[in-house]
2 protein chains.
Amino acid sequence: MAGRKSPNGSRSEQEGTPEPRRVPMREFSRSLPMSLLRAREAVMRQFRPSLRSHGLTEQQWRILRALTAVDTIEVTELARVAFLLGPSLSRILRDLEARDLIERRIAKADLRRGEVSISSKGLKLIEAVAPTSEAIYAEITHRYGARKLAELQDMLGELERSLAAMEVAGEGEVEADE
Amino acid sequence: MAGRKSPNGSRSEQEGTPEPRRVPMREFSRSLPMSLLRAREAVMRQFRPSLRSHGLTEQQWRILRALTAVDTIEVTELARVAFLLGPSLSRILRDLEARDLIERRIAKADLRRGEVSISSKGLKLIEAVAPTSEAIYAEITHRYGARKLAELQDMLGELERSLAAMEVAGEGEVEADE
DNA sequence: GAAATTTGATTAACATGTTAAGTTATCCGG
DNA sequence: CCGGATAACTTAACATGTTAATCAAATTTC
């Protein structure tokens, strides 16, 4: 009906029919990254409201959670366990410190390093949020099945390990020996 | 500077020993959200360099990929299939349009709706990136195992479905006793 | 032991995630 | 018709993801 519809001049398609382009790629919605993204979002959707009601984002929660497992921890190590990039962590720590949920000091032995620990206020917050989080986690486990959940985590872990080997293997794909 | 070290006044711990706090929660690094996050990151780490070398982010790629499967698509539907929130999509479409990778027009029947399609330039870009992406995907499949990969995706899909049921079920949990 | 390099952390700049508010266009009951 | 309610985006505002640059402190090298 309308004049020009088919913007792709190189295509021999006429207009009118919702013709899919022929780019031979995997069904998009079933790609592994999309599957993982959707699954994770489905999980986090359960937790976010509770965290938010306590004034915490997912990442802030991860950091505080990680801090409850140690006395003090260095920034780099914290980034590793909370799975955050340095810049993100820097910003969040600045905010958490301003809210008195954590405490920092500089390592005596190495003035470059920062040591972080949770404050008593932060600990109280964790203790306030934990029951709900645990309840949600229990509900998820129940709905999906504890057995299956454990299996899923095993498979995810193995996927990680499989890909870790690729990290460097593909580096020389262009150079061939550099 | 080096004066006080133990900031948590309520804790009876001395300093020196890396004593973990006692907050009875699941091992942090093995939580389902973390497992999914790490797995997805391990996967995307493989693709990002290639996408980046073509000037595309992961999300921009998702959008263009989704557009190759249709002639035109409405913004809301595109958000659904590319799994992006409206605001993110709005910004990205603005950018992609400015780069002439997509084309938009307003639906004649409903002036609120926008119809999006990929441009020939966008299509060429897809065709330039696709081979490398497919090769990476094939390598991942090979390393992890095609059988296992399919099984993993099935399990992720079932996890989604399990949690979809929770969405509304937990709504009234707060008003019951708060 | 001073210069060069490396390391730990932060800052900068840009893109996206997330929720809330705003805009314009449809729909709908009176 | 008309005005309120909805719907489809879009903007706004703030937080994080991501890469590059910066900066100070530690390590290595000559």
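Chain letters run A, B, ... following the sequence lines, proteins first and then strands; every chain starts at 1.
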Subject >> Check: Arg94(B) main-chain N/O paired with Glu97(B) side-chain donor or acceptor under 3.5 Å >> reply: no

**OP:** Output all residues satisfying side-chain hydrogen bond (donor to acceptor under 3.5 Å, both in side chains) with Arg80(B), sequence neighbours left out; order by chain, then residue number.
**Re:** Glu77(B)

Original post:
At under 4.0 Å between heavy atoms, what does Glu41(A) touch on the DNA or RNA strands: base, sugar-phosphate, or nothing?
Top reply: sugar-phosphate

Original post:
Is there a residue in residues 87-97 of chain A whose heavy atoms reach under 4.0 Å of DNA chain C, and which residues are they?
Top reply: Pro87(A), Ser90(A), Arg91(A), Arg94(A)

**OP:** Could you tell me whether Asp95(B) and Arg91(B) make a salt bridge, using a distance below 4.0 angstrom between a side-chain N and a carboxylate O?
**Re:** no

Original post:
Is the shortest side-chain N/O distance from Thr76(B) to OP1 or OP2 of dC9(D) below 4.0 Å?
Top reply: yes

**OP:** Return the value, rounded to whole Å, for the distance between atom CG of Leu84(B) and atom P of dT16(D).
**Re:** 20 Å

**OP:** Quick one: name the residues clustered hydrophobically with Leu85(B), using the 4.5 Å side-chain heavy-atom rule over I, L, V, M, F, W, Y, and just say none if it's on its own.
**Re:** none

**OP:** Can you measure from CG (Leu51(A)) to OG1 (Thr132(A)) and round to the nearest 0.5 angstrom?
**Re:** 9.5 Å

**OP:** Could you tell me whether Glu41(B) and Arg48(B) have a side-chain N and a carboxylate O separated by less than 4.0 Å?
**Re:** yes

**OP:** Verify the neighbour count for atom NE2 of His142(B): are there more than 12 heavy atoms of other residues, nucleotides or ligands below 6.0 Å?
**Re:** no

Original post:
What is the distance from CZ of Arg105(A) to P of dG8(C), rounded to the nearest Å?
Top reply: 19 Å

**OP:** Working to the nearest 0.5 Å, report the span between OG1 of Thr72(A) and CD of Glu115(A).
**Re:** 5.0 Å

Subject >> Interatomic distance where CD belongs to Glu77(B) and P belongs to dC9(D) [whole Å] >> reply: 11 Å

Taking N or O atoms only and anything under 3.5 Å, show me the protein contacts with nucleotides 1-3 of chain C, one pair per line.
none

Subject >> Length of the CG-P vector between Leu51(B) and dT18(D), whole Å >> reply: 13 Å

Subject >> Thr57(A) side chain near dT18(C) phosphate (N/O to OP1/OP2, under 4.0 Å) >> reply: no

Original post:
Want to settle it: does Asp110(A) or Arg52(A) sit nearer the 5' end of DNA chain C, counting the closest nucleotide to each?
Top reply: Asp110(A)

Original post:
What's the CZ-C1' distance between Phe47(A) and dT18(C), to the nearest Å?
Top reply: 18 Å

**OP:** Give a yes/no on whether any side-chain N or O of Gln59(B) is located under 4.0 angstrom from OP1 or OP2 of dG17(C).
**Re:** yes

Original post:
Do Leu149(B) and Tyr137(B) come close enough that some side-chain heavy atom pair is under 4.5 Å?
Top reply: yes

Subject >> Ile106(A) CD1 - dT10(C) C1' separation (whole Å) >> reply: 12 Å

**OP:** Establish, with yes or no, whether the OP1 or OP2 oxygen of dT10(D) is under 4.0 angstrom from a side-chain nitrogen or oxygen of Arg104(B).
**Re:** yes

**OP:** Run through the side-chain heavy atoms of Ile, Leu, Val, Met, Phe, Trp and Tyr, join any pair under 4.5 Å, and report what else lands in Ile106(B)'s cluster.
**Re:** Leu111(B)

Strictly under 3.5 Å: I want the nitrogen or oxygen pairs between protein and nucleotides 5-7 of chain C, one per line.
{"unit_1": "dT7(C)", "atom_1": "O2", "unit_2": "Arg112(A)", "atom_2": "NH1", "d": "2.8"}

**OP:** Rounded to the nearest angstrom, tell me the gap between atom CG in Leu56(A) and atom C1' in dT18(C).
**Re:** 15 Å

**OP:** Find the distance Leu85(B):CG to dA13(D):P and express it as a whole number of Å.
**Re:** 19 Å

Subject >> Glu151(A)/Arg147(A) salt bridge by N-O under 4.0 Å criterion >> reply: no

Original post:
Could you give the distance from CG (Leu152(B)) to CE (Met155(B)), rounded to the nearest 0.5 Å?
Top reply: 7.5 Å

